[in-house]
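See structure below.
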Number of protein chains: 2
Amino acid sequence: MTHDDSSQITERKRGSGVKLVYDLLRDEILDLKLSPGSAIDEVQLAARFGMSRTPIREALVRLAGEGLIETLPNRSTMVSNIDFLGMPAYFDALVLMYRVTTRLAAQHHRADDLLLIRERQAEFSAAVAAQDALAMIATNADFHSAIAAAGRNAYYASFFDRLLGEGRRMLRLYYQSYEDRLPARYVDEHEEIIAAVEARNVVEADRLGKAHGEQIVEQIGQLLTRNDRLDIDL
Amino acid sequence: MTHDDSSQITERKRGSGVKLVYDLLRDEILDLKLSPGSAIDEVQLAARFGMSRTPIREALVRLAGEGLIETLPNRSTMVSNIDFLGMPAYFDALVLMYRVTTRLAAQHHRADDLLLIRERQAEFSAAVAAQDALAMIATNADFHSAIAAAGRNAYYASFFDRLLGEGRRMLRLYYQSYEDRLPARYVDEHEEIIAAVEARNVVEADRLGKAHGEQIVEQIGQLLTRNDRLDIDL
DNA sequence: TCCATTTTCTTTGTCGACAAAAAAAATACA
DNA sequence: TGTATTTTTTTTGTCGACAAAGAAAATGGA
């Protein structure tokens, strides 16, 4: 198994190596370029990136901290499996975070937040137009991450980011099975969300966040039997 | 500055060093034995634990991943400061997690969960009786963590654990200023929560979780001016 | 005495090497 | 041929050493 990477072993700034490996590996995992369950070899990575095992190891420790890889003591390291049994729990948390972050954005956003949010929405819209599934998933996550940032709650934001990251893998599976064709409906829903946030309409933002989340969940969750998500009424 | 630790440099199992350092350092940080902002010296720690810098470093990376320490590139590593400005956001998230985890525990708990929860409650009750503030804070966190585990949502549970950890530092400050005397009221509230969970009374569990959280927040949050917590009505 | 520049010192980031642990392969024995 | 035991291989965990990057101290000039 060869890794034809034409890997440019260029001069790197001290300390930048870890971030490089971390970011790249994270993307590869979330985009399913590294399939769940596949083994990760430190020496191979070291060779690929032209550095020693030490920075590789640090990147792996951080990825393990996020649950993206799993480490068997003294034995193999591998890409975490997608926890299908945990999907109901995942969607429950995801929808709640959709709600909460959108609601808080309506409350606490500042003028320049909207600029960033609109940028993300433009990127998402472009990805939809280009029918690029990977880009759609990533830019959709960025969009909601920007919303969360505008909500000014770092705890929700980081939790939400983690959920969105984990979700990228599941969504990839989903859109793969639907031939990379994605409803442009999400673009419209995003626009509605932006409008509600801008108008500081908290109730409407909450409702839209919840609806948007549930809409996505429903499309995916048809496969699932169990359906006892948390449903706090408004 | 000497570290008189009578450090037993005994033979350790391969791979156990990291966890040892991580656990101990985490506890020392959360119990404020290491004050926020204080520097962390890798070499000193290596000497103290009788091991090389490598496993120390790995433990520090993990702690940094949880936000408990901060690393200035190429320069110092230090215990994270408590983010007082972020406290409203923190409490907002904390109360919501109190609610959600208690509610889910009422829905999804199994018989043996209650045994564990009661154990934790007994420990908390003992700590209150002994007027041991540190133990109270730790066992209270354990109690709610057990509730969260019974809720069968790993995402909420891990997020909640992180919040409870972060909270240990704030609570320590709070109880310090109140002369380590803590209302036994929490013990009763815990009992009510257990009863609601056992009865699978979801609405009541939700209400109690919210009330319990808000009660704690109010006691601490009097100091804070801003008070625009998320308030989803039931 | 005060400030700019150079030198030393401290602490981190990276490396190559080696030992421990577990798995895989090879061997011995019935 | 099938199974238990030994040997080899693979991969991780740990170590000591060194180089880079700042900070602190020392030096020099006005």
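Note on naming: letters A, B, ... go to the chains in the order of the sequence lines (proteins, then strands), and numbering restarts at 1 for each one.
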> Where each residue is assigned the nucleotide of DNA chain C containing its nearest heavy atom, which of B:Thr77 and A:Pro73 is assigned the position nearer the 5′ end?
Replying inline: B:Thr77
> From the list D:dT14, D:dG13, C:dT12, which nucleotide is the closest neighbour of the side chain of B:Val18?
Replying inline: D:dT14
>> Looking only at the side chain of B:Thr54 (C-beta and beyond, no hydrogens), which of the listed nucleotides C:dC15, D:dC15, D:dT12 gets closest?
In response: D:dC15
Rounded distance in Å - [atom1] ([X]) to [atom2] ([N]):
| X | N | atom1 | atom2 | answer |
| --- | --- | --- | --- | --- |
| A:Met51 | D:dC18 | CE | P | 23 Å |
| A:Asn74 | D:dG13 | CG | P | 6 Å |
| A:Glu42 | D:dT14 | CD | C1' | 12 Å |
| B:Leu20 | D:dG13 | CG | P | 16 Å |
| A:Arg53 | D:dG13 | CZ | P | 8 Å |
| A:Gln44 | D:dT12 | CD | P | 11 Å |
| A:Glu58 | C:dT12 | CD | C1' | 11 Å |
| B:Ile56 | C:dT11 | CD1 | P | 15 Å |

> Do B:Arg75 and C:dG13 have a side chain to base donor-acceptor pair shorter than 3.5 Å?
Replying inline: no
>> What I want to check is whether the side chains of B:His108 and B:Asp113 have a donor and an acceptor closer together than 3.5 Å.
In response: no
>> Mind checking if B:Ile40 touches a base, just sugar-phosphate, or nothing, with heavy atoms under 4.0 Å?
In response: sugar-phosphate
> Counting any heavy atom closer than 4.0 Å, what does B:Leu72 reach on the DNA or RNA strands: base, sugar-phosphate only, or nothing?
Replying inline: nothing
>> By nearest heavy atom, map A:Arg14 and A:Val43 onto DNA chain D; which one lands nearer the 5' end?
In response: A:Val43
>> Check whether A:Phe143 forms a cation-pi arrangement with A:Arg120 (NZ or CZ under 6.0 Å from the six-membered ring centre, at most 45° off the ring normal).
In response: no
> With the threshold set at 4.0 Å, does a side-chain nitrogen-carboxylate oxygen contact exist between B:Arg162 and B:Glu66?
Replying inline: no
>> Between the side chains of B:Arg168 and B:Asp27, is the shortest nitrogen-to-carboxylate-oxygen separation below 4.0 Å, so that they form an ion pair?
In response: yes
> Would you find a donor on one side and an acceptor on the other, under 3.5 Å apart, between the side chain of B:His109 and the backbone of B:Val197?
Replying inline: yes
